[in-house]
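Positions are given from 1, in the same order as the sequence printed here. The model shown is predicted, which means the values in this text are computed figures rather than measured ones.
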Amino acid sequence: MEITEYIASLSEEGRLLAAAAEKAGPGASVPTCPGWQIRHLLRHTGMVHRWAAELITEGHTTPQPDGGEPDLDGEELLDWFRAGHRHLVRSLEAAPADLECWTFMPAPSPLAFWSRRQLHETTVHRVDAESALGGPLTTVGAGRAADGIDELLTGFHARPKSRVRCSTPRTLRVRAVDTDAVWTVRISDEPPQAVRTPAGAGAGSGGSSAVGQDGSGDRVDCELSGTAEGLYLTLWNRLPLAAVTLRGDRSVARLWTDNSAVTW
């Protein structure tokens, strides 16, 4: 995705999040975030938006503390969230291509990093807000969902903070059937190592999707396959494993779902 695409999608996702939150009401439970109500979701996401915007606009090159969550509720909280989201979008739109500021994962540039990160942050929390309504979710396009999977697998969980680990090495394959995207994730007692592989690879003989060997001949213990959107939301623990097709050792998939909650 291009940076302009990230920013335009971020703008839309924030509007959708606010609309769903307003419809649900501040006291509505958020089933995808146990223990949270809509008010907690707005405070958290709005805080993250403002924190990112300050890094961008001030050009901080070292980590900065966030500004904390506000003691607001109801219409005041919604207005605060919407204002912070607009400020983030405008900050990204106005930022120079050679922006210099702190980031916490590899990226082509700080501007690309923050545009991408805040899009996926907001998309996942928009899903949270819509889940409080109990109805259908707004669709995430296959290309954008695949981009989010890539960020999660090759970015977040390549960091030392990842808790997806196993004393016995295991290999998980993730296959998005509506794109050419296939990832091989090697899980060990170190942070997971994920690589994106050609769609025809990682399938054993004949290019089938059977669990057995990946493209290098190494064993694949488990495969998760489905639409890019289904995989994106499942890997972010916003949908259950039943939302995708699982082949092979279910315990490998459980290693992910039980340990993959992201911490900054």
Side-chain angles (χ1 to χ4, degrees), residues 1 32 103-108 113 116-117 119-121 123-124 127 140 142-205 207-264:
M1 293 177 63
T32 48
T103 62
F104 58 88
M105 292 189 292
F113 170 83
R116 183 194 209 193
R117 176 79 292 277
L119 167 59
H120 293 301
E121 174 81 10
T123 300
V124 170
V127 169
V140 180
R144 182 146 62 89
D147 182 82
I149 295 169
D150 201 70
E151 184 203 42
L152 184 63
L153 295 182
T154 68
F156 269 113
H157 283 283
R159 302 184 305 156
K161 288 185 177 183
S162 178
R163 294 182 296 107
V164 181
R165 304 188 185 216
C166 185
S167 58
T168 303
R170 293 286 185 264
T171 301
L172 172 68
R173 185 166 60 215
V174 176
R175 180 184 301 278
V177 299
D178 53 346
T179 75
D180 64 352
V182 181
W183 293 265
T184 301
V185 186
R186 303 191 186 284
I187 303 171
S188 68
D189 56 4
E190 297 293 328
Q193 296 298 307
V195 294
R196 192 165 176 166
T197 55
S205 61
S208 72
S209 59
V211 174
Q213 294 182 327
D214 67 11
S216 65
D218 292 336
R219 178 168 181 78
V220 173
D221 299 289
C222 179
E223 177 182 278
L224 299 179
S225 63
T227 65
E229 179 184 35
L231 290 165
Y232 176 54
L233 297 181
T234 299
L235 292 169
W236 272 106
N237 291 322
R238 264 53 186 190
L239 289 178
L241 278 173
V244 298
T245 299
L246 188 155
R247 297 183 179 89
D249 186 348
R250 187 178 184 84
S251 69
V252 178
R254 296 299 307 181
L255 275 173
W256 182 272
T257 57
D258 292 349
N259 299 288
S260 62
V262 165
T263 59
W264 291 104

Side-chain heavy-atom pair [X], [Y] within 4.5 angstrom cut-off:
X: Arg165; Y: Asn259; value: no
X: Pro192; Y: Arg186; value: no
X: Leu172; Y: Asp221; value: no
X: Thr245; Y: Arg175; value: no
X: Val195; Y: Thr154; value: no
X: Tyr232; Y: Leu152; value: no
X: His157; Y: Leu235; value: no

Exercise. With under 30° as parallel and over 60° as perpendicular, where do the rings of Phe156 and Phe104 fit, or are they tilted in between?
Worked result: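 Ring orientation of Phe156 relative to Phe104: tilted.
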
Exercise. Taking only residues two or more places apart in sequence or in another chain, which ones pass salt bridge (charged side-chain N to carboxylate O under 4.0 Å, His left out) with Glu151?
Worked result: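 Expected list: Arg117.
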
Problem set entry | Residues forming a salt bridge (charged side-chain N to carboxylate O under 4.0 Å, His left out) with Asp258, sequence neighbours excluded |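 Only Arg254 meet the salt bridge (charged side-chain N to carboxylate O under 4.0 Å, His left out) criterion with Asp258.
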
Exercise. Does Arg219 pair with Asp249 as a salt bridge, N-O distance under 4.0 Å?
Worked result: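 No, no charged N to carboxylate O under 4.0 Å.
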
Any chance you could measure [X], atom [atom1], to [Y], atom [atom2], to the nearest 0.5 Å?
X: Arg247; Y: Leu224; atom1: CZ; atom2: CG; result: 10.0 Å
X: Leu153; Y: Leu231; atom1: CG; atom2: CG; result: 9.5 Å
X: Asp180; Y: Arg196; atom1: CG; atom2: CZ; result: 6.0 Å
X: Thr123; Y: Arg238; atom1: OG1; atom2: CZ; result: 11.5 Å
X: Gln193; Y: Thr171; atom1: CD; atom2: OG1; result: 12.0 Å

Problem set entry | Criterion side-chain contact (heavy atoms from CB on, under 4.5 Å) on Met1 and Arg116, from CA distance to verdict | CA-CA 9 Å; Met1 293 177 63; Arg116 183 194 209 193; over 6 Å; no

For this session: List the steps and the verdict of side-chain contact (heavy atoms from CB on, under 4.5 Å) for Arg144 and His120.
Result: CA-CA 9 Å; Arg144 182 146 62 89; His120 293 301; 4.2 Å; yes

